[in-house]
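What you see is a predicted model, and the numbers here were worked out from it, not measured in a lab.
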There are 2 protein chains.
Amino acid sequence: MKARSHHEDEQHLTEQLGATGLRLTPQRQQVYDVLLHKRDHPTAEEVFIRAKKAMPEISHATVYNCLDVLVKSGLARQVQLERGATRFCPNMHEHGHFHCSDCGTIYDVGLPAELSCVAVPQGFRADNYDVTIHGICANCAKK
Amino acid sequence: MKARSHHEDEQHLTEQLGATGLRLTPQRQQVYDVLLHKRDHPTAEEVFIRAKKAMPEISHATVYNCLDVLVKSGLARQVQLERGATRFCPNMHEHGHFHCSDCGTIYDVGLPAELSCVAVPQGFRADNYDVTIHGICANCAKK
DNA sequence: TCAAGATTTAGAATAATTCTAAAGTGGATT
DNA sequence: AATCCACTTTAGAATTATTCTAAATCTTGA
């Protein structure tokens with residue numbers, strides 16, 4: 001999993017937005033930056049707080065809007081782990097999430113290729129797969 | 001997937017609750033009945049409304065409590081599909097969910113056996129897998 | 001029967017998300 | 001350069017989802 005340079009990230013952002021007919025705005029850039037900067041699957045609220053540091057005027061609704069736009073443009077995924085806030089992830093490679101029921105940490109994990117051939121019923125069209133594994137992570141298991 | 005009789009369901013409920021050191025109460029029975037009766041992955045709010053018909057005094061908090069208890073006892077699963085309310089499902093066989101992005105319907109789908117051997121990192125313990133497929137169902141695809 | 005603990009209730013409180021209306025922006029057209 | 005229009009952002013209100021609280025009720029075992 002090769003890391004993109006800052007420049008490449010920005011270009012990728014512009015391209016993907018453009019492809020969806022959406023504009024590159026400073027707010028969208030900022031929100032995307034937040035996601036890329038610390039990949040800890042933050043909630044919308046957390047993204048808001050982080051974005052506010054660099055851009056104090058940004059509003060709550062804008063963060064939600066930007067996150068939706070990123071998701072629609074294929075730049076981020078939203079992940080529902082358990083009751084409560086939705087989380088966001090800029091890793092668009094096929095992967096699943098491991099959620100530690102003890103400490104709450106979320107880890108990205110690889111998925112077997114077989115998954116992509118899960119039989120969906122006749123006539124159904126599968127667009128994407130969300131896989132979450134609930135369990136105990138190594139750190140918590142030790143205790 | 002063999003359907004259980006009403007009597008068997010009730011027995012199953014008692015056993016599973018007992019195993020977790022929890023009591024069988026009329027409210028828990030009612031909430032479980034609601035889930036078994038119409039397997040359309042209702043939200044807590046929907047369960048509340050349905051349960052209220054048969055048991056008008058039941059409260060909101062109790063429904064949440066009962067649902068949590070059912071989940072803890074292995075009688076139901078909670079499913080997070082997208083932003084918004086959590087949904088509940090009494091089907092405890094290994095299966096995934098197909099969520100139609102168009103009409104919103106949720107279908108149970110089978111899973112390949114390979115899934116259970118998704119490699120979790122060293123020392124991690126996987127308790128359960130949640131698989132959701134987002135796409136378009138056959139009905140909506142036709143349109 | 002009594003005490004302790006579990007459970008339910010109503011309603012308040014909090015958290016998460018969406019909506020609304022007004023203002024701002026940017027590019028295309030005149 | 002002025003104007004138009006669609007897209008965006010903003011602040012704050014509104015709504016929806018969930019959790020908390022304190023009092024009342026029920027169950028069970030001593």
OP1 or OP2 of dT7(C) under 4.0 Å from side-chain N/O of Asn65(B): no
Atom-pair distance (CD1 on Ile49(A); C1' on dA16(C)), nearest Å: 13 Å
Where at least one partner belongs to residues 12-35 of chain A, residue pairs that pass salt bridge (Lys or Arg N to Asp or Glu O under 4.0 Å), sequence neighbours excluded: none
Distance, rounded to the nearest Å, where Gln27(B) contributes CD and dA10(C) contributes P: 11 Å
Gln30(B) CD - dT9(C) P separation (whole Å): 11 Å
Sugar-phosphate, base or nothing in reach of Thr62(A), heavy atoms under 4.0 Å: base
Heavy-atom donor-acceptor pair, Gln80(B) side chain to Thr86(B) backbone, under 3.5 Å: no
Secondary structure string for DNA chain D (Watson-Crick or G-U under 3.5 angstrom, | for other-strand pairs): ||||||||||||||||||||||||||||||
Between C1' of dA6(C) and CG of Leu22(B), the distance in whole Å: 9 Å
Partners passing ring pair (Phe, Tyr, Trp, His ring centres under 6.0 Å) against His12(A) (at least two apart in sequence or in another chain): none
All pairs passing salt bridge (Lys or Arg N to Asp or Glu O under 4.0 Å) where residues 61-81 of chain A contributes a residue, at least two apart: Asp68(A)-Arg83(B), Arg77(A)-Asp130(A)
For residues 135-143 of chain B, dump all side-chain donor-acceptor pairs below 3.5 Å to protein atoms at least two apart in sequence or in another chain.
none

Salt bridge (Lys or Arg N to Asp or Glu O under 4.0 Å) contacts in which one or both residues fall within residues 50-63 of chain B, not counting sequence neighbours: Asp40(B)-Arg50(B)
Sequence-distant partners of Thr62(A), side chain to side chain donor-acceptor pair (under 3.5 Å), two or more places apart: Ser59(A)
ring-ring contact (aromatic ring centres under 6.0 Å, His included) contacts touching residues 52-83 of chain A (sequence neighbours left out): Phe48(A)-His60(A), His60(A)-Tyr64(A)
Whole-Å distance separating the CD atom of Glu57(A) from the P atom of dT25(C): 11 Å
dT25(C) phosphate, OP1 or OP2, under 4.0 Å from Thr25(A) side-chain N/O: no
Rounded distance (Å) that lies between atom C1' of dT8(C) and atom CG of Leu24(B): 15 Å
Length of the CD1-C1' vector between Ile58(A) and dA23(C), whole Å: 17 Å
Reading 5' to 3' through nucleotides 15-30 of chain D, protein heavy-atom contacts under 4.0 Å coded B for base, S for sugar-phosphate only, - for none: --SBBB------BS--
Hphob cluster co-occupancy, Val71(B) + Val31(B), side-chain heavy atoms under 4.5 angstrom: yes
Residue whose closest nucleotide on DNA chain C lies nearer the 5' end, Gly21(B) versus Lys52(B): Gly21(B)
Interatomic distance where CD belongs to Glu82(A) and P belongs to dA16(C) [whole Å]: 11 Å
